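One structure is given below, encoded as structure tokens.
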Amino acid sequence: MRYTLSDNTWDNKEFEALNEVIASGFFSMGEKVKAFELDFAKKFNSKYAVMSNSGSSANLLAIAALVYSKKLNAGDEVLVPAVSWSTTYFPLSQHNLKLKFIDIDAKTLNIDVTQVEAAITPNTKAIFAVNLLGNPNDFDTLNNICKKHNLILLEDNCESMGAFYKGKAAGTIGEMGTYSTFYSHHLCTMEGGMTVTDNEELYHYMLSIRAHGWTRNLPKDSKIYKKKEDAFYESFNFIMPGYNLRPIEMEGALGIEQLKKLDGIIDQRRENAKYFKSQINGLEGYRFQQETEDSSWFGFAIILEGKNKGKRSQLVKLLDQNNIDARPVVAGNFVRNKAVEYLDYSVHNSLENADYIHDEAFFVGNHSKDNKEHVDRLISCLKSFSNA
């Protein structure tokens with residue numbers, strides 16, 4: 001049996017939800033999406049939540065809202081960690097913002113908070129923190145820096161739904177936070193994303209940007225536009241350059257059911273992580289990602305060291321032969337990806353730790369069910385590889 005990156009958390013409830021949408025004959029964004037947004041905001045103690053068609057779109061919505069509201073302006077600099085998914089970075093560039101890459105912490109794999117303050121210039125206006133593979137950042141330090149330098153703190157929490165930092169849900173600590181409900185993530189709505197904020201103005205910007213930049217989805221008392229009483233006029237009235245990032249009703253219906261399971265999913269993932277750590281701890285030639293606070297354990301990152309250094313390709317081949325899926329730690333050092341040529345960016349100091357992760361690390365999946373048997377097979381492979 002293959003040790004996959006993710007497992008299926010659907011049961012009859014999800015299929016019933018899909019069938020209900022099919023029977024209704026209404027498939028585009030509607031009441032199911034709205035209900036999921038309300039449930040999601042309540043679950044994470046956020047005032048507003050806007051669903052989109054992916055976590056990548058959730059990031060795009062957040063950045064576009066900040067730019068159109070003029071909280072960020074073209075040419076402003078945003079600090080980002082060197083290791084993340086591509087669509088942490090692309091929306092910044094697409095809205096003419098400058099990226100400054102900062103190295104990651106070798107243990108947590110999140111942005112190295114000890115380097116952040118030295119990277120700030122007069123042009124720096126925001127920090128886009130990424131909670132990598134379920135692990136929240138050191139938000140006490142980041143919040144203090146942001147307050148001191150009047151910076152906006154954003155969270156890409158697409159891999160870390162259910163994580164907490166000192167009792168507060170990851171994704172709700174910054175001005176805006178994003179989540180993904182893609183198939184392989186903590187909750188699965190096929191495709192999907194969510195952007196949360198407590199700022200009503202930013203919420204209204206997102207409602208417009210998500211649907212072409214039109215006014216139709218804005219409330220009558222909108223903070224950004226005074227709607228006319230003429231519904232016909234407002235049906236096709238555009239006030240900003242928007243996108244079509246709308247989810248469909250099936251995804252909203254799935255989200256309602258999936259969210260009910262989240263606590264159990266996170267509890268199981270943490271139990272799996274305890275077992276994984278107990279088995280790999282002390283195993284020669286390997287180390288694993290260290291928690292900052294309460295990780296939701298998207299997966300298990302493994303970093304090669306000592307006599308295993310330089311042998312990742314051989315180990316990944318062995319894992320595949322034993323039906324164990326492995327992937328790079330997100331995109332590795334993103335500055336080493338060709339796509340960076342299209343971005344306006346700079347690098348603060350060196351990216352030594354990001355380079356090491358790029359060359360010497362990988363991750364395997366964590367599941368929402370007990371996966372001790374899979375972990376046992378993984379550990380057996382790691383032991384045999386070290387002893388070869």
Side-chain angles (χ1 to χ4, degrees), residues 48 50 52-82 84-102 111 115-130 142 145-158 174-178 193 195-215 218 222-225 237-245 331 334-335 337-348:
Y48 309 106
V50 177
S52 54
N53 54 16
S54 71
S56 296
S57 294
N59 283 343
L60 180 58
L61 261 182
I63 300 306
L66 288 166
V67 170
Y68 294 159
S69 66
K70 301 194 181 303
K71 296 180 186 300
L72 290 176
N73 296 285
D76 286 348
E77 183 179 78
V78 180
L79 307 184
V80 294
S84 185
W85 192 246
S86 60
T87 48
T88 301
Y89 310 118
F90 294 162
L92 297 169
S93 178
Q94 289 156 353
H95 283 275
N96 299 310
L97 300 167
K98 297 182 177 181
L99 295 85
K100 180 177 282 186
F101 289 94
I102 297 175
I111 195 167
Q115 296 196 43
V116 169
E117 193 160 20
I120 295 170
T121 70
N123 293 325
T124 307
K125 304 300 178 183
I127 300 172
F128 203 172
V130 179
L142 290 178
I145 291 171
C146 287
K147 288 175 182 176
K148 180 179 178 181
H149 296 276
N150 195 28
L151 306 180
I152 298 170
L153 177 62
L154 307 170
E155 289 179 81
D156 183 334
N157 197 55
C158 287
E175 180 77 0
M176 307 179 84
T178 60
T195 311
V196 302
T197 186
D198 287 342
N199 186 306
E200 187 177 15
E201 181 187 33
L202 291 175
Y203 170 58
H204 291 176
Y205 272 102
M206 288 192 287
L207 292 177
S208 178
I209 295 164
R210 174 177 62 178
H212 316 288
W214 67 20
T215 60
L218 292 175
S222 172
K223 299 290 184 181
I224 63 173
Y225 171 76
N237 180 30
F238 302 89
I239 57 173
M240 67 188 77
Y243 306 94
N244 184 0
L245 307 179
F334 197 76
V335 176
N337 286 263
K338 182 175 171 54
V340 80
E341 297 173 8
Y342 297 91
L343 310 183
D344 185 355
Y345 76 96
S346 61
V347 174
H348 175 70

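What you see is a predicted model; the values in this text were computed from it and never measured.
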Anything under 30° is parallel, anything over 60° is perpendicular, the rest tilted; go ahead and classify F101 against Y345. perpendicular
Could you give me the CA-CA distance, side-chain angles and deciding distance for S208 and M240, then say whether side chain to side chain contact (heavy atoms under 4.5 Å, CB included) is met? CA-CA 8 Å; S208 178; M240 67 188 77; 3.8 Å; yes
Is it the case that more than 12 heavy atoms not belonging to Y342 sit under 6.0 Å from its OH atom? no
Suppose we screen for side chain to side chain donor-acceptor pair (under 3.5 Å). Which residues come up paired with H348, at least two apart in sequence or across chains? none
From CA spacing to verdict: salt bridge (charged side-chain N to carboxylate O under 4.0 Å, His left out), E77, K100: CA-CA 7 Å; E77 183 179 78; K100 180 177 282 186; 3.6 Å; yes
Just checking W214: does its CH2 atom have more than 12 heavy atoms from other residues, nucleotides or ligands closer to it than 6.0 angstrom? yes
Can you tell me how far the CG atom of L245 sits from the OG atom of S52, to the nearest 0.5 Å? 6.5 Å
Sequence neighbours left out, what passes side chain to side chain donor-acceptor pair (under 3.5 Å) with T215? Give chain and number order. E234
Residues at least two apart in sequence or cross-chain that pass salt bridge (charged side-chain N to carboxylate O under 4.0 Å, His left out) with E155, listed by chain then number, are none
Does some side-chain heavy atom of I239 sit less than 4.5 Å from a side-chain heavy atom of L218? yes
Between N199 (side chain) and L202 (backbone), is there a donor-acceptor pair under 3.5 Å? yes
Going by atom type alone, with no hydrogens or angles, which donor-acceptor pairs under 3.5 Å involve a side-chain atom of residues 59-69 and a protein atom two or more places apart or on another chain?
residue: N59; atom: OD1; partner: T178; partner atom: OG1; Å: 2.7
residue: N59; atom: ND2; partner: T87; partner atom: O; Å: 3.1
residue: N59; atom: ND2; partner: D156; partner atom: OD2; Å: 3.0
residue: Y68; atom: OH; partner: P241; partner atom: O; Å: 2.7
residue: S69; atom: OG; partner: A65; partner atom: O; Å: 2.8
residue: S69; atom: OG; partner: L66; partner atom: O; Å: 3.1

Counting C-beta onward and ignoring hydrogens, is there a side-chain heavy-atom pair between I111 and V116 closer than 4.5 Å? yes
Would you check if the side chain of S93 reaches a backbone N or O of F90 as a donor-acceptor pair within less than 3.5 Å? no
Would you indicate whether the side-chain heavy atoms of I152 and K125 approach each other to under 4.5 Å? no
Run the numbers on D344 and L99 for side chain to side chain contact (heavy atoms under 4.5 Å, CB included), then give the verdict. CA-CA 6 Å; D344 185 355; L99 295 85; 5.8 Å; no
For D76, give me all partners under side chain to side chain donor-acceptor pair (under 3.5 Å), at least two apart in sequence or on another chain. none
Residue list, side chain to side chain contact (heavy atoms under 4.5 Å, CB included) with Y48, at least two apart or on another chain: T197, E200, Y203
Test item: V50 and L207 side chains (from C-beta on) under 4.5 Å apart, heavy atoms: yes
Using 0.5 Å steps for rounding, measure from the CZ atom of F238 to the NE2 atom of H212. 6.5 Å
Kindly indicate, with the supporting measurements, whether the criterion salt bridge (charged side-chain N to carboxylate O under 4.0 Å, His left out) is fulfilled by K71 and E175. CA-CA 11 Å; K71 296 180 186 300; E175 180 77 0; 5.1 Å; no
Rounded to the nearest 0.5 Å, what separation is found between the CD1 atom of I120 and the CD atom of Q115? 12.5 Å
